[in-house]
Structures are given as C-alpha cells and as structure tokens.
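Notes to accompany the following structure.
Predicted model only: the values in this text are computed from it and were never measured. The figures here come from the full heavy-atom set of this structure, side chains too, leaving out hydrogens, waters and symmetry mates.
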Amino acid sequence: MSQETPNPDRVDVLVMGGGAAGLSAGICLARSRRSVLLVDEGRPRNAPAAGVHNLLGHEGIAPLELLRRGRADLASYGGSLREAAVADLHGVKGGFTASLDDGSTVRARRVVLAGGVVDRLPDVPGLAERWGTDVLHCPYCHGWEVRDRRIGVLAGAVMPTHQAQLFRQLSDDVTLFRQGQPLTGEEQSAVEARGIRVVDDEVVGLEVRDDRLTGVVLASGEVVPVDALAVQTRLATRAGAAARLGVEVAELPFGSQVTVDVRGETTVPGVWAAGDVAQPMAQVGASAAHGTQVGAMVNMDLVEDEIAEALDDANRVNA
C-alpha cells in the first residue's frame, strides 16, 4: 500500500501519457492506493475534434473538457500529474528511473506507456488544416455528424474501399477517390453495387470557401463537390524514451504499435502499454476501458511482488 504522504519522485507506477487510457490506468491504480505519477505533454490525438462520440454518458463532450475531468478524478484519489515529457528511461522491473524534460527525476516500480499515436496524413495539400473538422478518418467517431452529406473518401494503401463502404451507411452520396490504389474485381463490384462513385484522377488539393470544405481538386483541374473527406492515416506510435529499454514496436500495414501480451505487458518486464499505443484503432471509450484493464493488471503484478516479499520475511522470522 502507498505511503500516507506520497513522494511524487518515487512512486509505484509512472504513467507516460495522459489521454483516456493513461488517465484511466492512473485512476484505477490510485483507487487501489498505489502512488501514481502521470506525465503528460498535453497534446491529445483528438484535440482538433469538436466532440467525443460513442462514449457512454459523455456524448459530444469536448476532448479537452474530458481530460480536465479525468485529471480532477485522478487528483481526487491522490494521483499526481506533471506536465512534462520523459526524456530518458532506464532500469529494470521494480526499479525504473525516468528523467523528465523539466529537469526532475522519477523512480518507479512499474511503467505504463499511454502516449498514444500520431496520425500521419496523406500527402495532399490542405488536409492538415481541415483535420478534425471536415477531413475525417473514423465513421464511428465522426460519421453521424456528416450523415446525408456529400462524402469523399481517399483510398488508402490498406483495404482501399473499406472506409467508403462504412461511410456509405451514412450517406447515399459517397465518392471514392482511388489515388492510384488498385481495386480487386470483388472490391470494384462491391462499390458499384452500393452506388459508390469511383474517381481515378488524383486528388491534388482541397477547395475551401467560408472556412468550409466544398470540394476536392483533381489533377485535371476538375473540382468534385464534397462536404467531408475521409482519409486513411498512418499511425506512428509514441513509444518515446521507452524504446531505449528495448520495448518491441511492431510495424503493421496501417502503422506501428507496441507489442503487448493479453495483460497489456510489453516485451520488457515491468513496462505495460495501454490505449492507442498498443491497439491503435481504438476509440476513446475503448482506450479508457483498456487503460482500466491495464491498471488492474499492474496492481495485481505489484500485489504478487508484495506476496513474495511477505513470504520471504515470514520465512526469515521462522528460520
């Protein structure tokens, strides 16, 4: 059990990343009376979005408001928060040392990676400026908000028609911009069967009027009217300083993710991963749930250590 007055520079668990997963892991651990320090740079992946969706009881909440509430919850159970980044991390299970970019040092028995991922957008001018408003990627996160509108989809290198078929559920007016990606005969037949238009010419830019996306510009100069544009991003894992410990990061067709076992522990004993960093396709609700699960697993791992220590002490007394 944590000490009555916790020392934020020597904790049971250091959580690297303060999004839904990191906060949920920290809260779970703090409620089990573990001393927790959460270190976060304050750059959540979903900050550009107007609201969080598919989150029970918090439908449409602003991303930064959700984090504010989560931070308050963490503090209410005695967890600590530091706005900083981990510049270096070394050590072994039971004795990790993290050097933060604010000059401080933290020692922790366990580490939870929860820095999430960074979305790498396709190389089309204008996408970054509209990202999170009318340039989207997830039909479950933002699809309802563009229902019955003219939706364009940039085909990605992985499953090029997948997003188009999902957004077709939300609108009768869906256009797939192939972007040079080949379609199988089956994929071509499927998009034709559901009335999805396929454009072969390359998208080279966006048309924006009055701060609103109105069309995509093709290499030919033609402008195809759209109200929203779905893109497939490539996900870059924020493993950060933990990579120097030897945490395995797997390269997948859609990006990278930290390799974990069924409990959420990485390939380095004592280092765990929660949320998008370990399951990059997760939404906020799923990331929060995974964070809680990982927090519980870390607590049990610490309990097992404490059982072993208590048995050793008992054996020495009885020897």
Side-chain angles (χ1 to χ4, degrees), residues 45-46 48-55 59-60 119-235 252-255 280-286:
R45 178 187 181 190
N46 62 353
V52 175
H53 303 289
N54 285 326
L55 184 62
E59 181 60 33
D119 290 284
R120 305 297 187 198
L121 296 170
D123 188 19
V124 174
L127 290 185
E129 290 77 9
R130 309 303 304 173
W131 178 240
T133 54
D134 37 30
V135 172
L136 317 167
H137 77 297
C138 174
Y140 304 108
C141 299
H142 308 292
W144 174 264
E145 285 63 43
V146 297
R147 67 194 184 282
D148 297 325
R149 301 176 74 181
R150 300 171 298 182
I151 303 173
V153 180
L154 292 187
V158 181
M159 301 166 60
T161 66
H162 178 67
Q163 282 180 309
Q165 292 289 9
L166 292 178
F167 277 98
R168 176 61 181 82
Q169 177 64 24
L170 297 156
S171 174
D172 294 335
D173 191 341
V174 176
T175 301
L176 175 65
F177 298 93
R178 199 163 57 82
Q179 293 298 88
Q181 299 298 331
L183 304 185
T184 66
E186 183 179 354
E187 288 169 336
Q188 184 70 42
S189 296
V191 294
E192 289 175 357
R194 299 193 76 203
I196 298 170
R197 178 187 176 194
V198 178
V199 173
D200 293 329
D201 200 6
E202 182 183 4
V203 174
V204 296
L206 305 183
E207 179 185 77
V208 178
R209 295 179 180 175
D210 298 324
D211 195 28
R212 191 168 56 84
L213 177 65
T214 57
V216 298
V217 182
L218 304 181
S220 65
E222 178 187 358
V223 176
V224 179
V226 300
D227 302 304
L229 183 64
V231 302
Q232 185 182 93
T233 64
R234 183 165 182 80
L235 306 177
L252 303 174
F254 51 80
M281 304 308 290
Q283 298 177 62
V284 171

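Between L183 atom CG and Q188 atom CD the span is 5.5 Å, to the nearest 0.5 Å. Taken from CG in L166 to OG1 in T161, the straight-line distance is 9.5 Å, to the nearest 0.5 Å. One distance of note links CG of L136 with CD of Q163; it measures 9.5 Å at 0.5 Å rounding. To the nearest 0.5 Å, the span separating CG on D148 from CG on D172 amounts to 7.0 Å. In this structure, Q181 CD and E187 CD are separated by 10.0 Å, a value rounded to the nearest 0.5 Å. Note that the CZ atom of R149 and the CG atom of D134 stand 7.5 Å from one another [nearest 0.5 Å].
Between L176 and P160, the shortest heavy-atom distance links the atoms CD1-O, 3.6 Å. Across R130 and T133, no two heavy atoms sit closer than the pair O-OG1, 2.6 Å. Heavy atoms only, all atoms of each residue included: A219 and D201 are closest at CB-OD1, 3.5 Å. Closest non-hydrogen pair, R234 versus G255, comes out as NH1-N, 3.3 Å. Closest approach of V174 to A164, counting heavy atoms only: CG1-O, 4.0 Å. Across every non-hydrogen atom of R194 and Q169, the tightest pair is NH2-OE1, 3.9 Å.
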Worksheet item: Between V203 and L218, does a side chain to side chain contact (heavy atoms under 4.5 Å, CB included) hold up when you go through it step by step?
Response: CA-CA 4 Å; V203 174; L218 304 181; 3.9 Å; yes
Item to complete: Evaluate the side chain to side chain contact (heavy atoms under 4.5 Å, CB included) criterion for residues L154 and V216: first the C-alpha distance (whole Å), next the side-chain angles of each, then the deciding distance (0.1 Å), finally the verdict.
Response: CA-CA 10 Å; L154 292 187; V216 298; 5.9 Å; no
Discussion item. For E129 and V208: C-alpha separation, side-chain torsions, deciding distance, then whether side chain to side chain contact (heavy atoms under 4.5 Å, CB included) applies.
Written reply: CA-CA 10 Å; E129 290 77 9; V208 178; over 6 Å; no
Item to complete: Apply side chain to side chain contact (heavy atoms under 4.5 Å, CB included) to L170 and V146, showing your working.
Response: CA-CA 8 Å; L170 297 156; V146 297; 5.6 Å; no
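Sorted by first and then second residue, the ring pair (Phe, Tyr, Trp, His ring centres under 6.0 Å) pairs with a member in residues 155-193 form an empty list; sequence neighbours excluded. Evaluation of the ring pair (Phe, Tyr, Trp, His ring centres under 6.0 Å) test over residues 132-159, restricted to residues two or more places apart or in two chains, returns W131-H137.
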What side-chain donor-acceptor pairs closer than 3.5 Å can you find for residues 223-230, not counting sequence neighbours?
from	atom 1	to	atom 2	distance (Å)
D227	OD1	R150	NH2	2.9
D227	OD2	R150	N	3.0
D227	OD2	R150	NE	3.1

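Other residues, nucleotides and ligands place more than 12 heavy atoms under 6.0 Å from the CD atom of E59.
Between E222 and V199, the closest side-chain pair of non-hydrogen atoms is not below 4.5 Å.
Side chain of T175 to backbone of R197: no donor-acceptor contact under 3.5 angstrom is found.
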